[in-house]
Peer 1: 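To start, I am sharing the structure in question, which I have written as structure tokens.
By convention here, the first residue in the shown sequence is residue 1. Just so we're clear, the structure is a prediction, and the values are computed from it rather than from any experiment. Counting convention: from 1, in listed order, for ligands and their atoms alike.
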Amino acid sequence: MEKLFRQAADILARSQRLVVFSGAGVSKESGIATFREAQDALWGRYDPHQLATLQGFRRNPKLVWEWYEHRFGLLGDVTPNPGHLAIAALERYVPHVVVITQNIDNLHRAAGSSDVVELHGNWRFYRCLGGHKGFTRADFADQTDIPPQCPRCGDMLRPDVVWFGEMLPPEALERAFAESAACDAMLVVGTSGLVQPAASLPTYARRAGSPIIEVNPNRSAITPLADVFLQGPAGEMLPRVMNELATIMGEERTASPISPVLRSQ
Ligand code: APR
């Protein structure tokens with residue numbers, strides 16, 4: 001395994017333009033409940049695939065709003081794990097790092113990654129059915145309506161996350177494909193690689209001749225494309241890679257290679 005950590009670190013040390021592509025697995029060690037896990041006794045009788053849709057919201061806006069309040073409540077007190085922090089620390093060594101994530105949990109931003117493309121939105125933001133965007137909870141804190149009304153037009157507010165059957169935000173998708181085609185290396189962390197169109201991003205990197213590193217405890221649809229496959233949890237694998245990278249870059253080996261980032265937290 002040591003040899004694989006070194007190989008991955010060598011790729012990262014040479015990279016000038018890195019894409020990190022992440023899925024739900026990178027947040028697993030932060031204790032994020034996935035759709036299924038969030039279905040506790042209270043909400044277990046509902047099918048998330050019915051609730052997380054525009055039709056479901058129009059049919060019963062109060063129910064869908066309260067379901068998200070329940071899920072976001074679970075998200076509220078989770079923090080970035082060493083995997084997120086290691087990804088943020090890459091910016092100390094690689095000139096241009098962009099994180100393209102399928103997650104809505106805001107944890108890459110919270111860990112300090114400065115350029116994050118969120119393909120499925122972000123749970124901290126809201127938009128209205130009339131198309132006004134960029135609201136946060138502070139914008140409707142004084143309202144008692146459920147769901148609250150848009151401060152701009154009075155239409156219902158909804159979480160600014162992509163629901164089943166909805167298109168991904170075009171600007172995010174366009175940037176994701178452009179960065180994947182232009183990168184000189186891709187680090188894929190914690191995705192099954194099954195949900196399109198995001199799952200095609202590694203193919204774009206491969207076509208551009210970029211080496212691919214994958215971190216996942218299980219093989220995924222992306223593993224056959226990987227030059228280096230680190231089979232294990234991100235929170236353990238990525239700090240080990242960062243340790244090797246710090247050595248290559250001439251820094252002393254530290255107990256926790258991401259401690260500089262932690263120090264700055
Ligand atoms: N570290 C890294 N990877 C992990 C870890 C971990 N600690 N634990 C699990 N994994 C891997 C799993 O092996 C799996 O391959 O994370 C991956 C998670 O896959 P999915 O649950 O399919 O999540 P994701 O790939 O992000 O799904 C894409 O589908 O459910 C919808 O909208 C949702 O954004 C999601 C999209």
Peer 1: By number and element, which atoms of ligand 1 are closer than 4.0 Å to a non-hydrogen atom of Gly190?
Peer 2: 2 (C), 3 (N), 16 (O), 17 (C), 18 (C)
Peer 1: Check for me whether the distance between the ring centres of Trp67 and Phe57 falls short of 6.0 Å.
Peer 2: no
Peer 1: Measuring from Leu18:CG to Tyr93:OH, what's the distance to the nearest 0.5 Å?
Peer 2: 14.0 Å
Peer 1: List every atom of ligand 1 that sits less than 4.0 Å from any heavy atom of Asn218, numbering the atoms from 1 in the order shown and giving each element.
Peer 2: 12 (C), 13 (O)
Peer 1: Please state which part of Lys28 comes within less than 4.0 Å of ligand 1, counting heavy atoms only: side chain, backbone, both or neither.
Peer 2: side chain
Peer 1: I need the contact type for Val195 against ligand 1. Using non-hydrogen atoms and a strict under-4.0 Å cut-off, is it side chain, backbone, both or neither?
Peer 2: side chain
Peer 1: Working to the nearest 0.5 angstrom, can you tell me the gap between Arg207 CZ and Leu225 CG?
Peer 2: 10.5 Å
Peer 1: So His108 and His84, would you call those rings parallel, tilted or perpendicular, with 30° and 60° as cut-offs?
Peer 2: perpendicular
Peer 1: Determine whether a donor-acceptor pair (N or O, by modelled atom type, separation under 3.5 Å) exists between the side chain of Glu244 and the backbone of Val241.
Peer 2: no
Peer 1: When only distance counts, is His120 in polar contact with ligand 1, meaning an N/O pair under 3.5 Å?
Peer 2: yes
Peer 1: Heavy atoms only: which of Ser27, Ala234, Ala221 is nearest to atom 1 (N) of ligand 1?
Peer 2: Ala234
Peer 1: Run the contact test for Pro217 against ligand 1 with a 4.0 Å cut-off on heavy atoms, strictly below, and give the result.
Peer 2: yes
Peer 1: What part of Ser220, side chain, backbone, both or neither, has a heavy atom within less than 4.0 angstrom of ligand 1?
Peer 2: neither
Peer 1: Would you please classify the geometry between the Tyr126 ring and the Phe72 ring as parallel, tilted or perpendicular, with 30° and 60° separating the classes?
Peer 2: perpendicular
Peer 1: Kindly list each side-chain donor-acceptor pair under 3.5 angstrom involving residues 211-222, sequence neighbours excluded, with atom names and distances?
Peer 2:
| unit_1 | atom_1 | unit_2 | atom_2 | d |
| --- | --- | --- | --- | --- |
| Glu214 | OE1 | Thr223 | N | 3.3 |
| Glu214 | OE1 | Thr223 | OG1 | 2.7 |
| Glu214 | OE2 | Ser220 | OG | 2.5 |
| Asn216 | OD1 | Asn218 | N | 2.9 |
| Asn216 | ND2 | Thr191 | O | 3.4 |
| Ser220 | OG | Ile222 | N | 3.0 |
| Ser220 | OG | Thr223 | N | 3.4 |
| Ser220 | OG | Thr223 | OG1 | 3.4 |

Peer 1: Can you list the atoms of ligand 1 that are under 4.0 Å from a heavy atom of Ala24?
Peer 2: 23 (O), 24 (P), 26 (O)
Peer 1: List every atom of ligand 1 that sits less than 4.0 Å from any heavy atom of Pro233, numbering the atoms from 1 in the order shown and giving each element.
Peer 2: 1 (N), 6 (C), 7 (N)
Peer 1: Hey, does Asn216 sit under 4.0 Å from ligand 1 if you only count heavy atoms?
Peer 2: yes
Peer 1: Do the side-chain N and O atoms of Ser210 and Asp184 include a donor-acceptor pair separated by under 3.5 angstrom?
Peer 2: no
Peer 1: Taking only heavy atoms of Gly23, which atoms of ligand 1 are found under 4.0 Å from at least one of them?
Peer 2: 26 (O)
Peer 1: Give the contacting part of Glu29 toward ligand 1: side chain, backbone, both or neither, where contact means a heavy-atom distance below 4.0 Å.
Peer 2: side chain
